[in-house]
Structures are given as structure tokens and as C-alpha cells.
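Counting begins at 1 with the first residue of the sequence.
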Amino acid sequence: MSKLHEIIVAGHTCVDLIPDWNGKFADIIPGHLIVTGKMRFSTGGAVPNTGIDLKRLGLDPILIGKIGDDLIGRITLEIIRSNGDDLGDHIIKSYEAGSSYTLVLSPPNEDRAFLHYPGVNDTFCSKDIPFDDLSNSKIFHFGYPPVMKTIYENDGNELVKIFKNAHDHKMITSLDMTMPDPNSESGKINWRKFLSNVLPYTDVFLPSLDEILYMTERKGELSHELLVDLTDELLGYGAKIVVIKLGKDGAYLRSGKIKSDDLLSGIIDTKLWSEAEIISPAFKVNVAGTTGSGDASIAGFLAKFLQGANPKETMDFMCATGAFCTEAIDSTSGVKHMKIIEDRIKQGWERLPSNLKIRR
């Protein structure tokens with residue numbers, strides 16, 4: 001394997017079907033026809049989105065996911081390989097179910113809504129990851145357990161097995177979530193129990209605010225106090241670094257004590273990262289679409305983290321990568337090479353105002 005394959009992205013894989021639509025959700029009335037534009041096909045899920053974003057940033061990741069033996073699967077693989085022939089090398093073709101897809105409704109200046117079919121993602125398990133062939137990698141990132149049945153059932157025991165295996169191979173573990181459908185089986189499991197089981201083996205945890213409020217059964221307006229309360233619980237379960245995505249309000253990082261002999265010390269300065277707290281405001285952009293922006297943010301975080309950047313630089317680059325993503329309607333084409341993003345930050349890129357402050 002090439003020494004450049006330093007990040008593995010595994011987990012949920014699908015394709016997004018995005019109709020070109022300039023209307024509003026209020027326009028959708030039962031029995032009425034709505035004329036739209038052409039259909040766009042884009043990658044969806046943590047594996048294609050975060051993986052392709054890392055490639056566009058200038059890295060050389062390995063993507064591990066599952067597709068079915070069907071047209072949707074062929075489209076998914078074609079899109080992945082169009083961003084790099086080798087990106088499809090570890091995508092598994094399965095006959096257990098159909099390929100996953102998401103119908104994305106993304107009207108201008110509104111958050112998007114999804115109609116999702118998990119498909120063969122529900123069968124993804126530890127046996128699908130050839131760890132012994134991937135031993136040169138430094139970071140193992142896993143995404144979207146709430147839409148992967150084998151991963152979320154039994155309190156996440158399969159994901160624990162995966163993360164333990166990653167640690168045995170000296171890889172730092174990273175975890176991203178997605179919002180469970182409250183009406184599905186995933187929406188009814190005990191997510192607190194899942195987190196308490198999985199987070200002791202999670203080095204970096206990157207949920208959105210809405211996701212983690214749902215999973216911890218909390219409510220409340222965004223505030224520093226709320227973020228501290230949430231991260232107290234998540235760090236208490238065993239996560240070492242917690243990053244909460246806040247959408248238009250940027251992102252928040254808080255870490256626990258990180259020892260100098262920790263696995264993380266192979267990449268970052270543990271003194272700078274230990275017991276750190278950062279609020280990074282969002283950058284000002286003309287938003288074309290928000291699909292994939294969370295995945296892009298994570299790609300930005302992992303790319304800078306791998307470089308050994310300090311927490312502030314890493315968080316600023318994370319928010320900047322997410323902002324680049326929103327300048328395109330699809331999930332990945334807005335993301336540019338790291339140098340382009342870094343140059344825009346250095347040129348004094350304007351940031352959105354934020355009332356969120358760290359209170360000592």
C-alpha cells in the first residue's frame with residue numbers, strides 16, 4: 001500500500017438523487033404536480049462524501065463501504081471512481097440487499113430534507129474491513145451508525161469490535177453520526193447506552209448539535225453552558241476529543257486530558273490538545289446547498305489534524321471546508337485543494353457574527 005494512504009473512511013455509502021428545485025417546502029401539497037429541473041446524482045453517506053472531500057483536499061484516503069449489485073450501485077461506484085480510480089478499490093459489492101440511496105430536497109436558503117433507503121448498509125460489519133492490509137494508516141474514521149442496522153443494534157457492540165481492531169493496528173479512531181429517524185428502529189434504541197459503550201474506544205467524536213441533543217434526550221437553546229453540559233457527558237463516557245458541529249454557528253471543540261504516551265501523540269502535540277476548548281465561528285458564504293457540508297467539515301478537521309495542526313487552526317480549517325462545500329449544490333464539488341482554502345482564510349475571509357462565547 002502507498003504510504004500516502006493515511007486515512008481510512010468506512011461506514012455508510014449511498015448515492016444522493018437531487019432534483020434541481022427552486023421552490024419551497026410549503027409548495028409541496030398532496031395531489032399537486034411540481035415541475036422541477038434535471039436530476040443531479042451525487043455521492044451520499046460518510047464514505048463517499050468525506051472520502052472524496054479528503055481526496056479533493058489533496059490527501060489519498062481509502063474508502064470502505066458496501067453497494068448492491070444493481071443500477072444504483074453502479075452509479076455510486078462510477079461517481080466515486082470519477083474522483084480517483086483507486087477510490088473504488090475497497091468498495092464491496094454485496095448481494096444481500098439493494099444499494100442505498102437518498103432523495104434530497106434542498107431548496108435555496110432552507111435546510112434540506114431526506115428520503116433514505118439504507119439498503120446493504122444494514123449488513124456492514126467488522127468482517128468487511130481488511131485491517132491486516134491497511135496497517136500503514138493512521139486514522140480510521142467511521143460514519144453514520146444510525147443508518148446501519150448491524151452497527152447500531154446490540155448497543156454498538158459491532159462498532160466496538162471495529163474500533164478495538166483499529167486501535168490494535170495503531171490507528172486513531174474517529175466517529176461521525178447522522179440523525180436517526182424517530183419513526184424507525186434506529187430512532188427507538190437507547191442511544192445513551194450506545195454512546196457509553198462505543199465512546200471509550202473513540203478518540204475523536206464529531207456529532208452535530210441536533211444529533212447529540214436527540215441521542216442524549218436533551219433540549220435547550222444553543223449556549224456555552226449547553227455545550228459544556230453535553231461534552232461533560234461525552235468526555236465522561238471516554239471520548240478524548242469531542243467536536244460538535246453547529247451549522248451557521250460554526251463548531252465547538254472540547255477535549256479531555258490527553259497523555260503524552262497516548263496513541264494521539266503520534267500525530268498531534270498532546271500539550272496543546274489536552275483539555276482544550278475552542279469555538280470557531282462559521283465563514284460567510286452565498287449558500288447554494290447544504291448537502292454534504294457536515295461531511296466536508298469532518299474531512300477538513302481530519303486533514304488538518306493529520307498534519308499536526310493546533311486546535312484553533314484545525315477548527316478554523318474545518319469550518320472553512322464546510323463553507324466551501326455549501327457554495328455548490330451537490331455534496332463534494334465545492335470542496336477545493338487545501339492550499340486554496342488556506343489562502344482564503346489568510347486573506348481575511350469574513351466570518352458570521354456569533355453570540356456564542358466561552359465563559360470561564
Side-chain angles (χ1 to χ4, degrees), residues 7-14 16 43-55 57 59 61-66 100 102 114 116 118 121 124 129 137 139-148 151-152 156 158-160 162-163 166 171-181 186 191 194-195 197-199 201-216 230-231 234 237-247 250-255 290-306 314-315 317-319 321-322 325 331-332 335:
I7 298 182
I8 296 167
V9 183
H12 187 270
T13 302
C14 74
D16 287 348
T43 55
V47 172
N49 285 356
T50 301
I52 290 172
D53 289 337
L54 285 165
K55 187 77 170 181
L57 288 170
L59 285 79
I62 288 174
L63 280 56
I64 304 177
K66 271 185 170 180
S100 179
T102 304
F114 309 97
H116 178 70
N121 288 298
F124 191 96
I129 305 170
S137 298
I139 297 175
F140 180 88
H141 176 70
F142 194 95
Y144 291 17
V147 282
M148 305 181 74
I151 300 299
Y152 68 68
E158 193 69 15
L159 186 54
V160 169
I162 291 170
F163 276 4
M171 299 178 196
I172 292 166
T173 57
S174 171
L175 177 62
D176 179 26
M177 303 300 276
T178 192
M179 180 65 80
D181 177 358
S186 169
W191 281 104
F194 176 98
L195 294 172
N197 197 28
V198 172
L199 291 189
Y201 308 97
T202 304
D203 297 309
V204 184
F205 183 42
L206 304 114
S208 73
L209 179 61
D210 288 343
E211 290 159 5
I212 207 59
L213 286 174
Y214 180 89
M215 291 177 177
T216 57
L230 286 166
T231 50
L234 301 174
Y237 288 145
K240 294 174 183 174
I241 299 169
V242 176
V243 177
I244 300 179
K245 295 167 289 186
L246 305 174
Y252 173 80
L253 176 148
R254 189 161 169 236
S255 61
T290 56
T291 302
S293 58
D295 300 311
S297 297
I298 288 171
F301 181 95
L302 294 176
K304 270 295 174 183
F305 189 81
L306 182 62
T314 304
M315 291 295 287
F317 190 79
M318 173 185 183
C319 291
T321 307
C325 180
S331 56
T332 59
V335 176

Begin with the C-alpha distance, continue with both residues' side-chain angles, and end with the deciding distance and a verdict on side-chain contact (heavy atoms from CB on, under 4.5 Å) for D53 and T321. CA-CA 9 Å; D53 289 337; T321 307; 5.6 Å; no
side-chain contact (heavy atoms from CB on, under 4.5 Å) evaluation trace for L159 with F194: CA-CA 10 Å; L159 186 54; F194 176 98; 3.9 Å; yes
Go through V198 and Y237 one step at a time and tell me if the side-chain contact (heavy atoms from CB on, under 4.5 Å) criterion holds. CA-CA 8 Å; V198 172; Y237 288 145; over 6 Å; no
Quick one: do I162 and I151 satisfy side-chain contact (heavy atoms from CB on, under 4.5 Å)? Show the steps, please. CA-CA 10 Å; I162 291 170; I151 300 299; 4.0 Å; yes
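When side chains are defined from C-beta on, W191 does not count as touching T216, because their heavy atoms never get closer than 4.5 Å. When side chains are defined from C-beta on, V147 does not count as touching D181, because their heavy atoms never get closer than 4.5 Å. Residues L230 and L209 meet the side-chain proximity criterion, which asks for heavy atoms closer than 4.5 Å. Between V47 and I64, every side-chain heavy-atom pair lies at or beyond the 4.5 Å cut-off. Residues L57 and F317 are in side-chain contact: their nearest non-hydrogen atoms beyond the backbone lie under 4.5 Å apart. Within the 4.5 Å cutoff, the side chain of M177 has no heavy atoms near those of the S208 side chain. M215 places none of its side-chain heavy atoms less than 4.5 Å from the side chain of P207. In this structure, the side chains of V204 and F301 come closer than 4.5 Å at one or more pairs of heavy atoms.
K245 places a side-chain N or O within 3.5 Å of a backbone atom of L206 that can act as its donor or acceptor partner. In this structure, T173 contributes its side chain and D203 its backbone to a donor-acceptor pair below 3.5 Å. Within the 3.5 Å criterion, the main-chain N or O of P146 finds a donor-acceptor partner in the side chain of S186.
The CD1 atom of I241 sits 13.0 Å away from the CZ atom of R254 when rounded to the nearest 0.5 Å. Between the NE2 atom in H116 and the CG atom in N121 there is a gap of 6.0 Å [rounded to 0.5 Å]. The NZ atom of K66 sits 10.5 Å away from the OG1 atom of T13 when rounded to the nearest 0.5 Å. For the atom pair CG (L54) and CD1 (I7), the distance works out to 5.0 Å, reported to the nearest 0.5 Å. Atom CD1 of residue I298 and atom CG of residue D176 lie 3.0 Å apart, to the nearest 0.5 angstrom. For the atom pair CD1 (I139) and CD1 (I62), the distance works out to 13.0 Å, reported to the nearest 0.5 Å.
Contact detail for C14 and D16: the closest heavy-atom pair is SG-OD1, 4.0 Å. Here the shortest heavy-atom pairing between H12 and S100 reads NE2-OG, 3.7 Å. Between C325 and V335, the shortest heavy-atom contact is CB-CG2, 4.1 Å. Between A239 and F205, the closest heavy-atom pair is CB-CB, 4.4 Å. The two residues S297 and M318 have their closest heavy-atom pair at O-CG, 3.1 Å. When all heavy atoms of M148 and G11 are compared, the pair lying nearest together is CE-C, 3.5 Å.
Ring pair F163/F142 is perpendicular by interplanar angle, where above 60° counts as perpendicular and below 30° as parallel.
With a 6.0 Å radius and a threshold of 12 heavy atoms from other residues, nucleotides or ligands, Y214 has its OH atom above the threshold.
For N49, the side-chain hydrogen bond (donor to acceptor under 3.5 Å, both in side chains) partners at least two apart in sequence or on another chain are T43, D295, S331.
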